[in-house]
Amino acid sequence: MADFPTIISVEATIIELPTIRPHKLSMATMWGQTMVIIKITSDDGIIGWGEAPTIAGMTYGPESPEGMKLSIDQYLAPLILGKDASNINALMHLINENVKGSTFAKAGIETALLDALGKRLNVSVSQLLGGSVRTELPVLWTLFFFRYARSW
């Protein structure tokens, strides 16, 4: 084993999550949420998880889940396999120098790398990024709220 943790696998999986009700956008109606889940494994046994979401596929933004998975599998993963998993800046620089666009796919990779580094150092990702500003954040997911609002 090297002096640093080495990335041994990068897996991208497309998942479909149904919504409770149709969500109408100006150009499409969403019946579910599709996202790419990224799993990065290092030789020290640490696994980092990232997410690359889309809203309404190609009708809303420049990247589709299928395109993100292809970018990760064919272009991004080969660049970082065997590299130091703890040097995120160097990895993202390498990725950005070699792959243009694919911003959501790149963000998912970076999130997985940060998750793994946080686990490796036993700190939260917010601590890695300089500390949290708040201890709580109110969140409302409207696709969830309307179905269960009556039971509150």
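Residue numbers count from 1 along this sequence. Model, not experiment: these values are computed from the prediction.
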Decide yes or no on side chain to side chain contact (heavy atoms under 4.5 Å, CB included) for M35 and L17, but give the supporting numbers first. CA-CA 8 Å; M35 60 188 69; L17 297 175; 3.8 Å; yes
Determine whether V10 and L76 satisfy the following criterion, side chain to side chain contact (heavy atoms under 4.5 Å, CB included), listing intermediate values before the conclusion. CA-CA 9 Å; V10 178; L76 304 179; over 6 Å; no
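Using a 4.5 Å cut-off between side-chain heavy atoms of Ile, Leu, Val, Met, Phe, Trp and Tyr, with links allowed through other members, L81 and L113 fall into the same hydrophobic cluster. F104 and I109 end up in the same hydrophobic cluster when Ile, Leu, Val, Met, Phe, Trp and Tyr side chains are linked at under 4.5 Å. Hydrophobic clustering (ILVMFWY, side-chain heavy atoms < 4.5 Å, transitive): V133 and V123 are in distinct clusters. Cluster annotation: I37 and I40 are assigned to distinct hydrophobic clusters (Ile/Leu/Val/Met/Phe/Trp/Tyr, side-chain heavy-atom contacts under 4.5 Å, transitive). Cluster annotation: I95 is not connected to L70 through the hydrophobic network of ILVMFWY side chains, with a link wherever side-chain heavy atoms come within less than 4.5 Å.
A donor-acceptor contact under 3.5 angstrom links the side chains of T103 and E63, judged on distance only.
For the residue pair I72 and P78, the shortest heavy atom distance occurs at O-CD, 4.0 Å. Considering every non-hydrogen atom in both L117 and I88, the closest pair reads CD2-CD1, 3.8 Å. Here the shortest heavy-atom pairing between A12 and D73 reads CB-OD1, 3.8 Å. Residues M92 and K106 come closest through the heavy atom pair CE-O, 3.6 Å. Nearest approach of S42 to R120, heavy atoms of both residues: OG-NH2, 3.2 Å. A pairwise comparison of heavy atoms in D43 and F4 identifies OD1-O, 4.4 Å as the closest pair.
To the nearest 0.5 Å, the span separating NZ on K83 from CG on L94 amounts to 6.0 Å. With rounding to the nearest 0.5 Å, the separation of CG in N96 from CD in E110 is 8.5 Å. Distance check, rounded to the nearest 0.5 Å: CD1 of I46 to OG of S86 gives 11.5 Å. Note that CD1 of I15 and CD of Q33 are 9.0 Å apart. Values are rounded to the nearest 0.5 Å.
With K119 contributing its side chain and I47 its backbone, the two residues share a donor-acceptor pair below 3.5 Å. No donor-acceptor pair closer than 3.5 Å links the side chain of D44 to the backbone N or O of P5. Although no hydrogens or angles enter the test, the distance criterion places no donor-acceptor pair under 3.5 Å between the side chain of S132 and the main chain of T135.
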